[in-house]
Asks: 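Have a look at this one.
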Number of protein chains: 2
Amino acid sequence: MEDKQVPNIVVGRLPIYLRALSFLKADNREITSSQELGDRLGISSAQIRKDLSHFGEFGKQGTGYEIRFLENNLKEILHVDRVWDVVLVGAGDLGNALASYKGFADRGFRVAAAFDSAPHKINSQLPGGLMIQDVANLEAQVQEAGWKIGIIAVPADAAQSVANALINAGVTALLNYAPISLITPSTVRVEQIDPAVHLQHLTYYLG
Amino acid sequence: MEDKQVPNIVVGRLPIYLRALSFLKADNREITSSQELGDRLGISSAQIRKDLSHFGEFGKQGTGYEIRFLENNLKEILHVDRVWDVVLVGAGDLGNALASYKGFADRGFRVAAAFDSAPHKINSQLPGGLMIQDVANLEAQVQEAGWKIGIIAVPADAAQSVANALINAGVTALLNYAPISLITPSTVRVEQIDPAVHLQHLTYYLG
DNA sequence: TAGATTGTTAATCGATTAACAATC
DNA sequence: TAGATTGTTAATCGATTAACAATC
């Protein structure tokens, strides 16, 4: 089966499957099964087969999935069979960590530019070698380059205006590390990372 | 209604509600409604009322919710009406960012100790003032202190063994920044933060 | 062939929404 | 009182699971 609008919750699991496949491949494995993947990820094998069936047929009865083949297909489906330029806004500790993060390169992403508003940071270099630019130039630069993905790593009180600027400049995908709920047009997708939110989810289950 | 096993997906939204309430409070607001919260968060008002109804009655018909009252109740429900000590493992860029993160203090968390395995880091200080300790002492120390929450900020290939050590020492809640799916006993809860996974979720929707 | 595992269907389970009586 | 908004019920919608024919 193709088409028919794939549920967002299914899309959200594909990167997890992809990560598991890369892991197996690094372990020199060539074949896997929905059973093995499910055990590893804490997901039922039926769910994995159902999820994949939204996009095509990738396995062989009796055998399972050829890891490289499924990996390549998932990369295509997720559009990470290429490298995306990402704009980083905020060059604090977190921005530094993201700029030098090794995990982006082989998973489809490259931090293409970094911006901050602090005068003493502007024109200095990030660990990765990237020059920090003045956030005042953000919109013009993003628009000209045609970048579509932004990472917001600024304090909460600056996040909404940074988001607005990025969106004005044509960005339609945001990864937001600031601990606020951004208000955005429905044409823009936002993923939120807030460690305190995750920790509070965990403490619910602690006495 | 009380009891009856609250769905995990509901629990996961509570920290978001709490964050929105704190935001409104900082804006000197005293009363809000499920409608206003929903608009702000992109969630239906019915869902917010339903979610809250798992835990009690916190509003007034015709008026809405007293922000401070609901905030306090959510803090109790999530067990963040106290401050939790958190063990940080990994003192790279990300560990540094987490150690100096200002957002933990007033949301129920304190980084109580930091560990790393790199000889040149051990006994040096993190930005927050915390001394980096040898990961060889992790288990003994965590067990003695009785810490229950760990943050894993080490490379992927070290993450599973760090998780094992933490779990051995009594930790039952893990926030994992390493890009692998940890294998853990069912008594342990894991939250995963992997920026590449989030970005790949976003690129699905980009041409 | 015998054994294994897929892709898919139908059944089950669970979550969201709509609607409204209660009531501030 | 009139208007507003809660808490809750029932209906709808959607996602997960179980089961199995197909087939490698």
Side-chain angles (χ1 to χ4, degrees), chain A residues 1-17 20-21 24 29-74 77 186 201 204, chain B residues 1-17 20-21 24 29-74 77 186 201 204:
Chain A
M1 295 294 113
E2 261 271 16
D3 259 30
K4 225 36 174 178
Q5 175 81 339
V6 178
N8 187 52
I9 196 166
V10 172
V11 176
R13 281 190 293 261
L14 300 184
I16 313 283
Y17 300 162
L21 291 166
L24 289 171
R29 298 283 311 282
E30 297 192 343
I31 303 279
T32 187
S33 64
S34 59
Q35 181 71 56
E36 182 184 42
L37 280 173
D39 288 350
R40 187 174 277 281
L41 300 175
I43 289 177
S44 79
S45 64
Q47 179 159 84
I48 290 175
R49 295 197 303 279
K50 190 90 208 306
D51 285 354
L52 296 177
S53 76
H54 286 96
F55 303 97
E57 308 190 354
F58 306 107
K60 273 202 184 60
Q61 282 105 325
T63 309
Y65 301 92
E66 219 246 292
I67 290 173
R68 298 180 64 95
F69 177 76
L70 181 54
E71 188 191 24
N72 288 337
N73 274 278
L74 285 179
I77 291 165
S186 63
H201 191 162
Y204 174 80
Chain B
M1 294 292 113
E2 258 275 17
D3 258 31
K4 224 42 174 173
Q5 177 81 335
V6 178
N8 186 51
I9 195 166
V10 171
V11 176
R13 281 191 293 262
L14 300 184
I16 314 281
Y17 300 162
L21 291 166
L24 288 170
R29 297 283 310 283
E30 297 192 343
I31 303 279
T32 187
S33 65
S34 60
Q35 181 70 57
E36 182 184 42
L37 281 172
D39 288 349
R40 186 174 278 281
L41 300 175
I43 290 177
S44 78
S45 63
Q47 180 160 82
I48 290 175
R49 294 197 303 277
K50 190 90 207 308
D51 286 353
L52 295 177
S53 76
H54 285 96
F55 303 96
E57 308 190 355
F58 305 107
K60 274 201 183 61
Q61 282 104 323
T63 308
Y65 300 92
E66 218 248 293
I67 290 173
R68 297 181 65 95
F69 178 75
L70 181 54
E71 188 190 25
N72 288 337
N73 275 278
L74 285 179
I77 291 165
S186 62
H201 190 162
Y204 174 81

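A, B, ... follow the sequence lines: proteins, then strands. Residue 1 opens every chain. Reckoned from all heavy atoms, side chains included, excluding hydrogens, waters and symmetry mates. Everything numeric in this text was worked out from a predicted model, so none of it was measured.
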Asks: Hey, what's the ring geometry for B/Phe69 with B/Phe58, parallel, tilted or perpendicular (30° and 60° as the breaks)?
Replies: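 Because their plane-to-plane angle lies in the 30° to 60° range, the rings of B/Phe69 and B/Phe58 count as tilted.
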
Asks: Calculate, to the nearest 0.5 Å, the distance between atoms CD and CG belonging to A/Glu57 and A/Asn73 respectively.
Replies: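 It comes to 12.0 Å.
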
Asks: Does any residue of residues 37-49 of chain A have a heavy atom under 4.0 Å from DNA chain C, and if so, which ones, in number order?
Replies: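 Nucleic-acid contacts, sorted: A/Arg49.
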
Asks: Given atom CD of A/Gln5 and atom P of D/dC13, what is their separation to the nearest angstrom?
Replies: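 Distance check: A/Gln5 CD to D/dC13 P gives 16 Å.
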
Asks: How close or far is atom P of C/dC24 from atom CD of B/Glu66, stated in whole angstroms?
Replies: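 Going from CD in B/Glu66 over to P in C/dC24 covers 16 Å.
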
Asks: For A/Arg68, enumerate each residue passing the salt bridge (charged side-chain N to carboxylate O under 4.0 Å, His left out) test, keeping only those at least two apart in sequence or located in another chain.
Replies: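 So A/Arg68 forms no salt bridge (charged side-chain N to carboxylate O under 4.0 Å, His left out) with any residue.
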
Asks: In terms of side-chain heavy atoms of B/Pro7, which of D/dT17, C/dA15, D/dT9 is nearest?
Replies: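 For the B/Pro7 side chain, the nearest candidate turns out to be C/dA15.
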
Asks: Rounded to whole angstrom units, what separation is found between the NZ atom of A/Lys50 and the P atom of C/dC13?
Replies: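 Taking NZ of A/Lys50 and P of C/dC13, I get 17 Å after rounding.
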
Asks: Is the phosphate of D/dA15, meaning OP1 or OP2, less than 4.0 Å from a side-chain N or O of A/Arg13?
Replies: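 Negative; the distance criterion is not met.
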
Asks: Within a strict 4.5 Å, meaning less than it, do heavy atoms of the A/Val11 and A/Ile77 side chains meet?
Replies: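 Counting from C-beta outward, A/Val11 and A/Ile77 never come under 4.5 Å.
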
Asks: B/Leu21 versus B/Tyr65: any side-chain heavy-atom pair under 4.5 Å?
Replies: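 They are not in contact (no side-chain heavy atoms under 4.5 Å apart), so the answer is no.
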
Asks: To the nearest Å, how far apart are B/Asp51 CG and C/dT16 P?
Replies: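 In whole Å, C/dT16 P and B/Asp51 CG are 7 Å from each other.
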
Asks: Test of understanding: with side-chain hydrogen bond (donor to acceptor under 3.5 Å, both in side chains), list the residues that count as partners of B/Gln61, not counting sequence neighbours.
Replies: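 For B/Gln61 there are no side-chain hydrogen bond (donor to acceptor under 3.5 Å, both in side chains) partners, ignoring immediate neighbours.
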
Asks: Round to a whole Å and report the spacing from OH of B/Tyr17 to C1' of D/dT6.
Replies: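 Rounded to the whole Å, the gap is 15 Å.
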
Asks: Compare every heavy atom of A/Pro7 with every heavy atom of A/His54, then report the nearest pair and how far apart it is.
Replies: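 So the minimum-distance heavy-atom pair works out to NE2-CD, 3.9 Å.
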
Asks: In dot-bracket notation, what is the pairing pattern of DNA chain C, taking Watson-Crick (N1-N3 plus N6-O4 or O6-N4) and G-U wobble (N1-O2 and O6-N3) contacts under 3.5 Å, with [ ] crossing and | for other strands?
Replies: ..||||||||||||||||||||||

Asks: Below 4.5 Å, heavy atoms only, C-beta onward: do B/Thr32 and B/Leu70 meet side chain to side chain?
Replies: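 They are not in contact (no side-chain heavy atoms under 4.5 Å apart), so the answer is no.
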
Asks: How many Å lie between CG on A/Asn8 and P on D/dA15, as a whole number?
Replies: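 Nearest whole value for this atom pair: 9 Å.
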
Asks: Take atom NE2 of B/His54 and atom C1' of C/dG14, then tell me their distance rounded to the nearest Å.
Replies: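 Rounded to the whole Å, the gap is 11 Å.
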
Asks: Within the 4.5 Å heavy-atom criterion, are B/Leu37 and B/Leu24 side-chain neighbours or not?
Replies: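 Heavy-atom side-chain distance check passes, below 4.5 Å.
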
Asks: Which whole-number value in Å describes the distance from A/Lys60 NZ to D/dT23 C1'?
Replies: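 Taking atom C1' of D/dT23 as the reference, NZ of A/Lys60 is at 12 Å.
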
Asks: Calculate, to the nearest 0.5 Å, the distance between atoms CD1 and CD belonging to A/Ile67 and A/Glu36 respectively.
Replies: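 Rounded to the nearest 0.5 Å, the CD1-CD separation comes to 7.0 Å.
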
Asks: Could you give the side-chain donor-acceptor pairs of residues 41-51 of chain A under 3.5 Å, partners two or more places apart or in another chain?
Replies:
| residue | atom | partner | partner atom | Å |
| --- | --- | --- | --- | --- |
| A/Ser44 | OG | A/Gln47 | N | 3.0 |
| A/Ser45 | OG | A/Arg49 | NH1 | 3.3 |
| A/Arg49 | NH1 | A/Ser34 | OG | 3.0 |
| A/Asp51 | OD1 | A/Arg13 | NH2 | 3.1 |
| A/Asp51 | OD2 | A/Arg13 | NE | 2.7 |
| A/Asp51 | OD2 | A/Arg13 | NH2 | 3.2 |
| A/Asp51 | OD2 | A/Tyr17 | OH | 2.6 |

Asks: Any N/O pairs under 3.5 Å between the protein and nucleotides 2-4 of chain D? List them or say none.
Replies:
none

